[in-house]
Amino acid sequence: MNEALSRRLFEMSRLMELLGEDSFRASAHARAARAVEAMTDDVAEVAADRARLLAIDGLGPKTADKVIEFVRTGAIAEHAEFLSRVPPGLPELMDIPGLGPKTLRLIWQSAGVTDLSSLRKALAEGTLVGLPRLGEKSVEKIRQSVEFYVSQRASGADGTGRLPLGVAMPIAERVVSYLGSVATGATIAFAGSLRRGKETIGDIDILAAPRTADEGKALTAAFTSMPGVVGIISSGPTRSSVRVAPVEASSRWGIDPSRASVGVQMDLKIVPPDSWGAAMMYFTGSKEHNVAMRERARARGMTLNEYGLFPDDDPDGKKKPPHNRGVVPIASKSESEVFAALGLAYLPPECREDQGELALAGTPELIRIEDIRAELHAHTTASDGRLSIIELVERAKERGLHVIAVTDHSRSSAVAGGLSIERLVEHVEAVREVASKVEGITVLAGSEVDILADGSLDYPDDVLGWLDVVVASPHAALSQDPQTATRRLVRAIRHPMVNVLGHPTGRQILRRPGLPADMAAVYAAARECGVALEINTHWIRLDLRDTHVRGAVEAGCLLAINSDVHEASDFENLRYGVMTARRGGLAADRCVNAWPRERLLEWLGSKRGGRRVPSAGPIARGRPL
DNA sequence: GCCGTTTTCGGCCCGACTGTTTTCAGTCG
């Protein structure tokens with residue numbers, strides 16, 4: 001409901017822009033859409049009390065009534081009215097970079113462009129050249145943008161042109177390292193939604209502070225000519241934008257190799273070293289967070305831009321920007337400095353989304369990568385992993401973990417080599433054999449047990465009783481209706497031997513939505529039963545997602561951050577899971593993977609009749625526990 | 001259409017880059 005309504009409001013905002021309505025009204029609707037998106041409660045429930053809606057920042061009398069209308073009728077009359085005035089294929093064209101509402105409106109009303117195909121036709125026939133403010137060059141830029149957009153749609157999994165976090169991050173790191181080799185004295189880092197840990201990335205922002213002007217020029221030259229650049233969108237002394245394509249996508253996740261290349265826009269911003277903090281803050285965003293920060297600065301008689309926080313000596317905006325007039329900034333060198341000068345504690349990038357973070361009294365206590373000491377979800381060659389038991393254990397040890405759980409697939413996951421009961425017995429004994437030999441790490445024998453469509457588990461209870469840890473996960477039947485999905489997950493959580501609910505919704509980013517369960521019911525059951533909800537760290541999953549983590553944290557749940565290890569490199573995904581956890585406000589004490597060893601083992605044992613975990617020795621076959 | 005450490009009415013973030021312009025509009029982040 002929240003998501004559907006938020007989308008509807010965003011659409012209204014977009015349609016208003018296209019129709020040339022008051023731009024402030026349009027942005028008010030976009031703000032309302034974000035407010036609804038950020039709600040952790042079900043909007044249907046909140047809307048029962050109009051005063052509660054009005055108390056939400058960004059919702060006023062008019063938008064609150066539209067929310068109520070949507071909750072009651074499933075539609076907003078004004079939305080339908082806007083929709084009837086715009087050709088159906090037009091709004092999507094706003095996704096094309098460089099094509100904004102004004103230009104789109106112009107070519108719609110003056111050149112009859114109504115959708116992608118008529119736009120391409122108009123470009124091919126040259127009918128756009130000569131319209132007001134549209135010369136040869138502008139039209140050529142639009143043409144290139146459209147072709148790039150079309151190729152992205154053809155190659156991307158869903159046509160949004162966004163890259164998963166885990167695809168974008170390594171690219172950004174390669175570019176940062178490459179630019180660092182060009183300008184050895186420069187400070188270089190990535191910013192943007194990548195630094196905030198969003199699950200998908202629209203473009204990659206790189207920030208550089210060279211020591212000299214020559215170094216800056218060298219950086220720009222290197223950036224615009226680096227391998228993979230297929231087009232330069234713009235390039236100036238302080239900013240350059242390029243299109244990079246193609247980029248290898250992962251084949252392991254079943255993306256068709258012939259389509260396994262996606263392009264991405266990359267921006268380089270060059271700033272003076274003294275502005276590093278203000279620039280980092282500015283280019284990290286989010287946009288909405290920045291707006292809130294600048295408003296706060298203004299309210300305090302200051303003005304904030306990417307060069308620093310300045311005294312506001314020019315309220316009318318008549319003069320040149322302060323940094324061009326030699327005004328000395330109040331703060332600029334570090335982000336902490338700027339936050340402090342605005343009366344704020346340091347806010348980590350992951351919480352800069354304008355979702356109430358400016359009202360926080362201090363820096364939120366968020367989990368860090370180094371807090372993670374246990375991995376509770378890992379596969380070996382026994383099912384679909386690539387590591388043997390001992391290899392897995394050694395990799396875990398190298399990473400400083402004190403607990404590693406071997407949790408291969410259960411029998412229903414046939415394509416993933418799920419273990420029959422007989423094979424499970426052998427496997428558990430093999431794991432215990434390894435556990436008895438290695439030192440410095442506790443090795444647990446467990447299973448990632450399928451949650452069947454009706455919520456029952458894939459092994460009988462006596463078999464589950466042999467194990468040290470049970471991760472119960474949905475793998476099939478992911479298209480259930482909300483009621484069935486909720487019943488299914490809650491039933492699995494209530495099973496007395498389940499420790500962790502693995503990738504709870506089964507969603508895959510840009511690929512499939514996952515179970516539409518009532519998450520509030522899932523949180524409530526998990527809290528009551530002491531079951532940890534997993535944040536699966538693989539960048540194709542990140543399940544729970546950030547908003548779900550926030551809901552679970554607010555509901556008082558335990559969470560697990562697991563890398564669902566299938567090969568050694570999967571341990572590297574941990575950072576994406578931790579970023580997602582931080583976006584949801586998770587602190588270390590609520591994350592079972594961050595607990596001291598004994599506390600973790602005791603918690604696991606509480607679901608195994610309180611017996612000591614790990615068990616040692618052979619399984620007493622045929623004797624139900 | 002929202003909102004108030006300057007405002008209950010009149011504002012509403014800031015700067016860079018580009019192209020079509022002799023002073024600025026559109027777009028982006």
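Below, chains carry the letters A, B, ... as their sequence lines are ordered, and counting in each starts from 1. The analysis underlying the following values was restricted to heavy atoms, covering all of them including side chains, and did not include hydrogens, waters or symmetry mates.
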Query raised in the report: Can you tell which of B:dG29, B:dT27, B:dC2 lies closest to the side chain of A:P61?
Result: B:dC2
Query raised in the report: Of all the choices, B:dG26, B:dT18, B:dG29, which nucleotide is nearest to the side chain of A:K141 once you look at every atom?
Result: B:dT18
Query raised in the report: Out of B:dT20, B:dG26, B:dC17, which has the shortest distance to the side chain of A:K102?
Result: B:dG26
**Report entry** Nucleotide B:dG29, atom C1' - distance to CG of A:L304 in whole Å
**Finding:** 14 Å
Report task. Output yes if the stacking criterion (under 5.5 Å between centres, under 30° between planes) is met for A:F24 over the base of B:dC12, else no. Result -> yes
Report task. Could you tell me the separation between the CG atom of A:L134 and the P atom of B:dT18, rounded to a whole number of Å? Result -> 17 Å
Query raised in the report: Could you go step by step and tell me if A:R143 and A:E140 meet the salt bridge (Lys or Arg N to Asp or Glu O under 4.0 Å) rule?
Result: CA-CA 5 Å; A:R143 197 191 61 75; A:E140 175 57 18; 2.9 Å; yes
Query - Distance test, side-chain N/O of A:Y307 to OP1/OP2 of B:dA16, below 4.0 Å - result: yes
Report task. Indicate whether the side chain of A:N290 and that of A:E288 have a donor and an acceptor atom separated by less than 3.5 Å. Result -> no
Requested in this report: May I ask you to decide if A:M16's main-chain N or O and A:R25's side chain share a donor-acceptor pair within less than 3.5 Å?
Outcome: no
Report task. Rounded off to whole Å, could you give me the CG-to-C1' distance for the A:L99 and B:dA25 pair? Result -> 15 Å
Query raised in the report: Using the P atom in both, what is the distance from B:dC12 to B:dT8, to the nearest Å?
Result: 15 Å
**Report entry** From B:dG26, B:dC14, B:dG1, nucleotide with atom closest to A:R133 side chain
**Finding:** B:dG26
Requested in this report: Using a 4.0 Å heavy-atom cut-off across all strands, classify A:G192 as base, sugar-phosphate, or nothing.
Outcome: nothing
Requested in this report: Would you indicate, yes or no, if B:dC2 has its OP1 or OP2 atom less than 4.0 angstrom from a side-chain nitrogen or oxygen of A:T63?
Outcome: yes
**Report entry** Distance between C1' atoms of B:dT27 and B:dT20 (Å, rounded)
**Finding:** 14 Å
Query raised in the report: OP1 or OP2 of B:dT18 sitting under 4.0 Å from any side-chain N/O of A:S138?
Result: no
Report summary line: On DNA chain B, more 5' by nearest nucleotide between A:G301 and A:T103 is A:G301
Report task. Please state the C1' separation for the pair B:dG11 and B:dA16 - nearest whole angstrom. Result -> 25 Å
Query raised in the report: The side chain of A:R31 lies closest to which of these nucleotides: B:dG15, B:dC2, B:dG1?
Result: B:dC2
Report task. Report which part of the nucleic acid A:P132 touches: base, sugar-phosphate, or nothing (heavy-atom distance under 4.0 Å, all strands). Result -> nothing
Query raised in the report: Reckon A:T238 has a side-chain N or O less than 4.0 Å from the OP1 or OP2 of B:dC17?
Result: yes
Query raised in the report: Parallel, tilted or perpendicular: which fits the ring planes of A:H323 and A:F310, with parallel below 30° and perpendicular above 60°?
Result: tilted
Report task. Taking atom C1' in both B:dT21 and B:dG26, compute the distance separating them and give it to the nearest angstrom. Result -> 12 Å
Query raised in the report: Nearest-Å distance, CD1 (A:I107) to C1' (B:dA25)?
Result: 16 Å
Query raised in the report: Would you say the side chains of A:S241 and A:D267 form a donor-acceptor pair under 3.5 Å?
Result: yes
Query - Of the listed nucleotides B:dT20, B:dG1, B:dG29, the one nearest the side chain of A:D203 - result: B:dG29
Report summary line: A:K66 has its side chain closest, among B:dG1, B:dG29, B:dG15, to B:dG1
Requested in this report: Provide the distance between the two C1' atoms, one in B:dT7 and one in B:dC2, to the nearest whole Å.
Outcome: 14 Å
Query raised in the report: Hey, does A:S27 reach any base, or is it just sugar-phosphate, or nothing, if we go heavy atoms under 4.0 Å?
Result: nothing
Query raised in the report: Rounded to the nearest Å, what distance is computed from the CG atom of residue A:N305 to the P atom of nucleotide B:dC28?
Result: 22 Å
Report summary line: Which of B:dG19, B:dG15, B:dC12 is nearest the side chain of A:E306? It is B:dG15
Requested in this report: Could you work out which one of B:dT6, B:dG1, B:dA16 sits closest to the side chain of A:H29?
Outcome: B:dG1
Requested in this report: Take atom CG of A:L342 and atom P of B:dC14, then tell me their distance rounded to the nearest Å.
Outcome: 13 Å
Query raised in the report: Do any side-chain nitrogens or oxygens of A:R239 fall under 4.0 Å of OP1 or OP2 in B:dT18?
Result: no
Requested in this report: Would you please say whether a donor-acceptor pair under 3.5 Å links the side chains of A:H29 and A:K66?
Outcome: yes
Requested in this report: Would you mind classifying the nucleic acid contact of A:S235 as base, sugar-phosphate or nothing, using non-hydrogen atoms under 4.0 angstrom?
Outcome: sugar-phosphate
Query - Between B:dG10 (P) and A:E295 (CD): distance, integer Å - result: 20 Å
Report task. Give a yes-or-no answer on whether the side chains of A:R352 and A:S286 include a donor-acceptor pair shorter than 3.5 Å. Result -> no
Query raised in the report: Any side-chain N or O of A:H289 less than 4.0 Å from the OP1 or OP2 oxygen of B:dG29?
Result: no
Report summary line: note: A:R298, atom CZ; B:dC12, atom C1'; distance rounded to Å ~ 9 Å
Query raised in the report: Taking OP1 and OP2 of B:dC12, is either one under 4.0 Å from a side-chain nitrogen or oxygen of A:R25?
Result: no
Query - Minimum-distance nucleotide (side-chain atoms of A:K269 versus B:dG29, B:dG19, B:dA16) - result: B:dG29
Query raised in the report: Counting any heavy atom closer than 4.0 Å, what does A:N290 reach on the DNA or RNA strands: base, sugar-phosphate only, or nothing?
Result: nothing
Query raised in the report: Considering only the P atoms, how many Å lie between B:dT5 and B:dG1, rounded to the nearest integer?
Result: 24 Å
Query raised in the report: Within the structure shown, what part of the strands sits under 4.0 Å from A:E136 by heavy-atom distance: base, sugar-phosphate, or nothing?
Result: sugar-phosphate
**Report entry** Whether over 12 other heavy atoms sit under 6.0 Å from A:E173 CD
**Finding:** yes
Query raised in the report: Which nucleotide, in any strand shown, forms a Watson-Crick or G-U wobble pair with B:dT8, with both distances under 3.5 Å?
Result: none
